[in-house]
Protein chains: 2
Amino acid sequence: MNTKYEGFETPGITVDLSIFTVNETRLKVMLVRRAEVPFQGYWSLPGGFLKTSESLDAAAQRVLCEKSGVSDVYMEQLYTFGDPKRDPRSRVITVAYIALIPWQSLPQPASEKVTDLTWASVDALPKLAFDHREILSYAVKRLRAKVSYSNIVYGLMPKQFRLSELQSMYETIIDDKLDKRNFRKQMLATGLLKETGKKELAGAHRPAMLYQFKSKEIVFFN
Amino acid sequence: MNTKYEGFETPGITVDLSIFTVNETRLKVMLVRRAEVPFQGYWSLPGGFLKTSESLDAAAQRVLCEKSGVSDVYMEQLYTFGDPKRDPRSRVITVAYIALIPWQSLPQPASEKVTDLTWASVDALPKLAFDHREILSYAVKRLRAKVSYSNIVYGLMPKQFRLSELQSMYETIIDDKLDKRNFRKQMLATGLLKETGKKELAGAHRPAMLYQFKSKEIVFFN
DNA sequence: ATACTAAGTGTACAATGAACACTAAGTATG
DNA sequence: CATACTTAGTGTTCATTGTACACTTAGTAT
């Protein structure tokens, strides 16, 4: 270890992830139960220490994959939290990330009861470890804002979907109702969707056209 | 030092600042000349290591004050850069900040020639140390974007100003011309400005009303 | 055959944004 | 002191965008 930082901090660096999904018209976030002190038994955001020669993005990807079993999903850096007292043990700075996973992409939980991982509705959160409540609030705020000026919801949709499902996704996240005709007009006007030609199979009602995104690119409007 | 981080990184943490001002209708950023290796003699963004028990924001404030002599200006965290190779000596993670200073608030440089600090036009930058070019590109991008959906330019204006000066500030940052009548209508419609009652004193032309901001609050439009 | 469910479609009006040119109030000059 | 010069200040028209709103269609279930 070099001596370059005498008198300066050499804190631990972690990444913490707000991993979102939508299920049953609720915006949900992944929480893991802490096995160790401090905050033993508390729910917390999944996270972990940065490894040697690992970039921040790579660390976030690693944590994502470890906890969710998926990769290749939308992820972005959110903010860095560095209050000297945020970890009671010692100085730890955390770089927070947001990730989005379509509910359909999640592997089914193993049949034995998984009690150390849960998906909590963001409007019914338990007490969280560290400053994770603050981090999560900020993440939800960013997500809600970004939904209205980008096509970030792509990250939460399955490969193919009905327009009504897409509308429901928007409504769940922004927690408001949208007009069906206007919504469809606007979505199709973006030119980012294409019909698959296929129609929904089942249901005691008129079958819906299935759509998909032309590309995975995230675009900003306005 | 605890042993908790064995096998993990305990990198140095720095803050690096993109300190912007506008002068002579140019968007400028503060650069400092590096006295030491690596990148000795190169221009770089002002920055410094995080001190013990110092929050990230406090560190950024400290650096800002050391280099510019001002405090109480607009500042926000930008992004955290953590590529393992970004510092050739050893692992250093930097939390980048943006700050805005009205040109009029800057203390005059001491009369002896200051050669280790400069204000460079963002479209005529010298070679920069480390990954500071990348950081600065991102900062400029964020600033330009934010100008169009917030009143962030407040941070660059003097206490009192003419509407034509405000317009010029916008035009400089977004690098485009605006329509005078529409601009005035829109600005006054925000309700964030108030007349001071005073008029500009000098000039071989009709004197302009001076305005100021009702509050320092940053507001988002749309 | 009828009831049920979600899909799918167009128009009228309001609000917002964009283009555009002249008069007003001072100072400087001959 | 008349004229030239400079920047301040002001409204209207038109195009575009956004918003409110209700009925028909295509399938399944009974």
Touch class at under 4.0 angstrom, heavy-atom based, for R162(A) against every strand present: sugar-phosphate
In whole Å, what is the span from the [atom1] atom of [X] to the [atom2] atom of [N]?
{"X": "K180(B)", "N": "dG11(D)", "atom1": "NZ", "atom2": "P", "result": "13 Å"}
{"X": "F161(B)", "N": "dA8(D)", "atom1": "CZ", "atom2": "P", "result": "14 Å"}
{"X": "E200(A)", "N": "dT28(D)", "atom1": "CD", "atom2": "P", "result": "11 Å"}
{"X": "R181(A)", "N": "dC23(D)", "atom1": "CZ", "atom2": "C1'", "result": "8 Å"}
{"X": "L210(A)", "N": "dG27(D)", "atom1": "CG", "atom2": "P", "result": "14 Å"}
{"X": "F183(B)", "N": "dT10(D)", "atom1": "CZ", "atom2": "P", "result": "14 Å"}
{"X": "E195(B)", "N": "dT10(D)", "atom1": "CD", "atom2": "P", "result": "8 Å"}
{"X": "L178(A)", "N": "dC21(D)", "atom1": "CG", "atom2": "P", "result": "15 Å"}

side-chain N/O S164(A) vs dA7(C) OP1/OP2, d < 4.0 Å: yes
Look at the aromatic rings of [X] and [Y] and report parallel, tilted or perpendicular, splitting at 30° and 60°.
{"X": "F183(A)", "Y": "Y170(A)", "answer": "perpendicular"}
{"X": "F161(A)", "Y": "F213(A)", "answer": "tilted"}
{"X": "F39(B)", "Y": "Y42(B)", "answer": "perpendicular"}

Distance, nearest 0.5 Å, that separates CZ of R26(A) from CG of D123(A): 6.0 Å
Nearest-neighbour nucleotide for the N182(A) side chain, dG9(D), dT19(D), dC20(C) considered: dT19(D)
Nearest listed nucleotide, side chain of K185(B), among dT12(D), dG8(C), dA20(D): dT12(D)
Salt bridge present between K216(B) and D72(B) (N-O < 4.0 angstrom): yes
Salt-bridge criterion met for R142(B) and E76(B) (N-O under 4.0 Å): yes
Distances for protein N/O vs nucleotides 26-30 of chain C N/O pairs under 3.5 angstrom?
| from | atom 1 | to | atom 2 | distance (Å) |
| --- | --- | --- | --- | --- |
| dG26(C) | N2 | A204(B) | O | 2.7 |

N/O donor-acceptor pair, side chain K177(A) with base dT19(D), under 3.5 angstrom: no
Among V140(B), V122(B), L136(B), L143(B), side chain to side chain contact (heavy atoms under 4.5 Å, CB included) partner for S18(B): L136(B)
